[in-house]
Amino acid sequence: MTVTEQVDEVLERLRALELRLPPRDGVAVFTTAYLAVTEEISGRLAGPCFGDPEAVAELDTVFAGRYLAAVDADLAGRRVPACWRPLFARRRDPGVHPLQFALAGMAAHIEHDLPLAVVETCRRRGLAPQALASDYDRVDGVLADAEATVREQLLPGPDLLDAADPLVHLAATWSVARARAAAWASVLALWAVHPLHPAYQALAATLDESAGAVAGLLLAPLRGGGTGGPPALPPAPAGGRQTQLECSGLPSA
């Protein structure tokens, strides 16, 4: 199976998961956002966007595999990694807003799973991380656009929120750009110690716990539970979930 076919398989699994879960489930909220990003990246693999599309496809597959492994572990009743525990534990909490679920999932996946996925991809392909740096930066453009779309879809408009609303403040505390910059620093640190297995494992465990702490903070209930529960997800905008971002506009290293 080629790496492109592996990405297609990841998309199929994400779509099946999205269909299987109730829309208000926190894991479903994150899955919907993650599926949109993965579809966007997949659509660019055949074009001139990436310098090494095969490496990007493999990274995309390894990266998604970590989330899907957490889903499988939860379904089987096994303990999930620390970074994913807050989302899986609070997924049905009516006091948590859908935007919080999306941001907590992004935090877990980017701050822990991404650095380990980059290092694993580099080891598989015999590359140093710097060989992937330009494409890593280009993916930032896709993710930044996707993050903006998620916020637009899930954050109530100014007619429902005011500047003092706790959700407004929480939404401003975390961003994809900052998380991915920190993740790249983690990549370099992990790569430096990867020949030393105990040091690598210790650093990976620290990232896991740290990402879990961030996710937990993002999921702090902003209101009490009630019969209404969190608001339903708004309908996807016309034209589907995928963003309309020209590749030439993506940042490069």
Item checked: Closest non-hydrogen atom pair, Ala64 against Tyr34 -> CA-OH, 3.1 Å
Checklist line | Pair Phe30 + Trp84: ring centers closer than 6.0 Å | finding: yes
Item checked: Point-to-point distance, once rounded to the nearest 0.5 Å, from CZ of Arg15 to OG1 of Thr38 -> 9.5 Å
Margin query: I need the minimum non-hydrogen distance between Leu219 and Val96, along with the two atoms involved.
Written below: O-CG2, 3.4 Å
Check: Side chains of Thr173 and Leu218: closer than 4.5 Å at any heavy-atom pair?
Finding: yes
Notebook entry, point to check: Just wondering, do Thr31 and Tyr67 contact through their side chains at under 4.5 Å, heavy atoms?
Noted result: yes
Notebook entry, point to check: Can Arg44 and Glu40 be said to form a salt bridge (Lys or Arg N to Asp or Glu O under 4.0 Å), step by step?
Noted result: CA-CA 7 Å; Arg44 296 170 186 272; Glu40 186 69 27; 2.7 Å; yes
Check: Going hydrophobic residue to hydrophobic residue with side-chain gaps under 4.5 angstrom, can you get from Leu217 over to Leu103?
Finding: no
Checklist line | Non-hydrogen atoms of Ala183 and Leu114 that approach each other most closely | finding: CB-CD2, 4.1 Å
Check: Are Arg13 and Asp8 ion-paired here, with the side-chain N under 4.0 Å from a carboxylate O?
Finding: no
Margin query: To the closest 0.5 Å, what do you measure between SG (Cys49) and CG (Asp135)?
Written below: 7.5 Å
Checklist line | Verdict with reasoning, Gln201 to His197, per side-chain contact (heavy atoms from CB on, under 4.5 Å) | finding: CA-CA 6 Å; Gln201 292 299 318; His197 187 70; 3.2 Å; yes
Notebook entry, point to check: Between NE2 of His112 and OG1 of Thr206, what distance do you get to the nearest 0.5 Å?
Noted result: 10.0 Å
Notebook entry, point to check: Which pair of heavy atoms, one from Ala107 and one from Ala211, lies closest together, and at what distance?
Noted result: O-CB, 4.2 Å
Next item on the list: Any chance you could lay out the side-chain contact (heavy atoms from CB on, under 4.5 Å) test for Thr121 and Leu127, step after step, and finish with the verdict?
Entry: CA-CA 8 Å; Thr121 302; Leu127 300 172; over 6 Å; no
Item checked: Distance (rounded to the nearest 0.5 Å) between Phe88 CZ and Asp74 CG -> 5.0 Å
Item checked: Steps toward salt bridge (Lys or Arg N to Asp or Glu O under 4.0 Å) verdict (Glu111, Arg178) -> CA-CA 10 Å; Glu111 296 185 19; Arg178 289 194 297 268; over 6 Å; no
Checklist line | Spacing of Phe63 atom CZ and Leu116 atom CG [to the nearest 0.5 Å] | finding: 11.0 Å
Next item on the list: Answer with yes or no whether the hydrophobic clustering places Leu75 together with Leu14; edges join I, L, V, M, F, W, Y residues whose side-chain heavy atoms lie under 4.5 Å apart.
Entry: yes
Item checked: Student check: side-chain heavy atoms of Arg125 and Glu54 closer than 4.5 Å -> yes
Next item on the list: For Leu45 and Pro53, work out which heavy atoms get closest and say how close.
Entry: O-CB, 3.4 Å
Next item on the list: For the pair Arg85 (side chain) and Val80 (backbone), establish whether a donor and an acceptor sit closer than 3.5 Å, ignoring hydrogens and angles.
Entry: yes
Check: In Å, rounded to the nearest 0.5 Å, how long is the span from CD of Glu58 to CG of Leu132?
Finding: 9.5 Å
Next item on the list: Work out which heavy atom in Pro115 is nearest to a heavy atom in Val187; give both atom names and the distance.
Entry: CA-CG2, 3.6 Å
Checklist line | Connected via hydrophobic side-chain network under 4.5 Å: Leu35 and Val62 | finding: no
Next item on the list: Give a yes-or-no answer on whether the side chains of Gln130 and Trp191 include a donor-acceptor pair shorter than 3.5 Å.
Entry: no
Note to self: Using side-chain heavy atoms (C-beta onward) and a distance below 4.5 Å, is Phe50 in contact with Ile41?
What the structure shows: yes
Next item on the list: Kindly indicate whether the side chain of Pro221, heavy atoms from C-beta on, has any atom under 4.5 Å from the side chain of Asp93.
Entry: yes
Item checked: Pairs meeting criterion salt bridge (charged side-chain N to carboxylate O under 4.0 Å, His left out) with involvement of residues 196-222, two or more places apart -> none
Checklist line | Verdict with supporting geometry, Leu21 and Arg91, side-chain contact (heavy atoms from CB on, under 4.5 Å) | finding: CA-CA 11 Å; Leu21 296 172; Arg91 61 194 293 177; 3.5 Å; yes
Item checked: Thr32 and Glu18: side chain donor to acceptor below 3.5 Å -> yes
Margin query: Between Val29 and Asp25, does the side-chain contact (heavy atoms from CB on, under 4.5 Å) criterion hold? Intermediate values first, please.
Written below: CA-CA 6 Å; Val29 174; Asp25 184 296; over 6 Å; no
Note to self: On the six-membered ring of Tyr136, is Arg180 placed so that its NZ or CZ lies under 6.0 angstrom from the centre and within 45° of the ring axis?
What the structure shows: yes
